[in-house]
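First comes the structure, then the notes that go with it.
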Amino acid sequence: MSYAHIIVILGPPGAGKGTQAARLAEATGFPHVSTGDLLREAVRRRTPLGLKSKAIMKTGQLVPDELVSQLVATRFEEGTAESGIILDGYPRTTTQAEYLEKIAGTTRPQVLHVAVSEGQIIRRISGRRACVKCGKVYNVHFLPRTDEQCGAPCGGELVQREDDREEIVKRRIRIYLDLTAPVIGFYKSRGQLTVVDGDLDVDSVAKQIAELVMAGRASKRPAGREQSRSRRDDCV
Ligand code: AMP
């Protein structure tokens, strides 16, 4: 079974995909599926998938397509014809995008590209801190915690993700440009892509995304024409 509404949030590391997907999940009631979160959970629980993925993720590389696609396929088996799903961090390669076409059946995913300038990426990622217990994300620049503890009931310690260190972030951006940027072209040529200005503040980006999703605009446009809210040449 597939979903009636499939929303894909694409963007470079630090674009705020996770934050925006969580906000959209709240607004729509659709489940938020982050492959990064699912993989980190597998690593924490030391499952066979987690053991295979741990070293790959630490270095900022991509986990093999078939392992990640299997995770997503499992979620799709739980879908119903009326419901929707928000994919955050998937697809990240054209092979994954082709796989998603297969499991999506007759539904055409609505793809939102959260474009951000490189300066913003480094600033956001260098400030990012995550709770060791529940994974909630904070930022020393935008959402600071003076006590360095999670505000959620778990009260876990806030730490920097290993793959958020500067040299790893640079590699993740390179991988994004090599492997994930072509996914943008894939959806652009199918007329399924809308660009969102990710340099704006969190609330403004959330508002743009909510409006687009409610209108279901991207999926109704003729193929081959990219919808753009604001495109700047320094954004990736
Ligand atoms: P994220 O939290 O989305 O930044 O993902 C963290 C890490 O998980 C990535 O750097 C990859 O190592 C891995 N990962 C997450 N999603 C995917 C995917 N769709 N394909 C391959 N690797 C992924």
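Order of appearance sets the numbers: ligands from 1, and atoms from 1 within every ligand.
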Tell me which part of [X] gets within contact of ligand 1: side chain, backbone, both or neither, using heavy atoms under 4.0 Å.
{"X": "Leu39", "result": "side chain"}
{"X": "Val68", "result": "side chain"}
{"X": "Lys54", "result": "neither"}

Among all protein heavy atoms, pick out the one at the shortest distance from [atom]; state its residue, atom name and that distance to 0.1 Å.
{"atom": "atom 1 (P) of ligand 1", "result": "Arg92 NH2, 3.5 Å"}
{"atom": "atom 11 (C) of ligand 1", "result": "Gln61 O, 3.4 Å"}
{"atom": "atom 20 (N) of ligand 1", "result": "Gln96 NE2, 2.9 Å"}
{"atom": "atom 16 (N) of ligand 1", "result": "Thr35 OG1, 2.8 Å"}
{"atom": "atom 21 (C) of ligand 1", "result": "Val63 O, 3.2 Å"}
{"atom": "atom 7 (C) of ligand 1", "result": "Met57 CE, 3.9 Å"}

- Take every heavy atom of Arg40, measure it against each atom of ligand 1, and state whether any distance is under 4.0 Å.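 Yes, that is the case, since the closest heavy atom of the residue is under 4.0 Å from the ligand.
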- Is the shortest distance from a heavy atom of Arg161 to ligand 1 less than 4.0 Å?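 A heavy atom of Arg161 does come that close to ligand 1.
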- Item | Atoms of ligand 1 close to Arg172 [distance to a heavy atom under 4.0 angstrom, numbered from 1] |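 Taking each heavy atom of Arg172 in turn, ligand 1 has 4 (O) under 4.0 Å.
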- Task: Hey, could you give me the OG1/OH distance between Thr107 and Tyr3, rounded to the nearest 0.5 Å?
- Result: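 One gets 11.0 Å once the value is rounded to the nearest 0.5 Å.
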- What distance do Gln61 atom CD and Arg171 atom CZ have between them, rounded to the nearest 0.5 Å?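 Interatomic distance, Gln61 CD to Arg171 CZ, rounded to 0.5 Å: 5.5 Å.
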Between the main-chain N or O of [Y] and the side-chain N or O of [X], is there a donor-acceptor pair closer than 3.5 Å?
{"X": "Arg190", "Y": "Tyr187", "value": "no"}
{"X": "Gln192", "Y": "Phe186", "value": "no"}
{"X": "Thr47", "Y": "Val43", "value": "no"}
{"X": "Thr59", "Y": "Ile56", "value": "yes"}

- Given Asp164, which of Lys58, Arg124, Arg128 fulfils the salt bridge (charged side-chain N to carboxylate O under 4.0 Å, His left out) condition?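 For Asp164, the salt bridge (charged side-chain N to carboxylate O under 4.0 Å, His left out) check succeeds only for Arg128.
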- Task: State, yes or no, whether a side-chain contact exists between Ile175 and Arg92 at a heavy-atom distance under 4.5 Å.
- Result: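 Contact flag for Ile175/Arg92 side chains = no.
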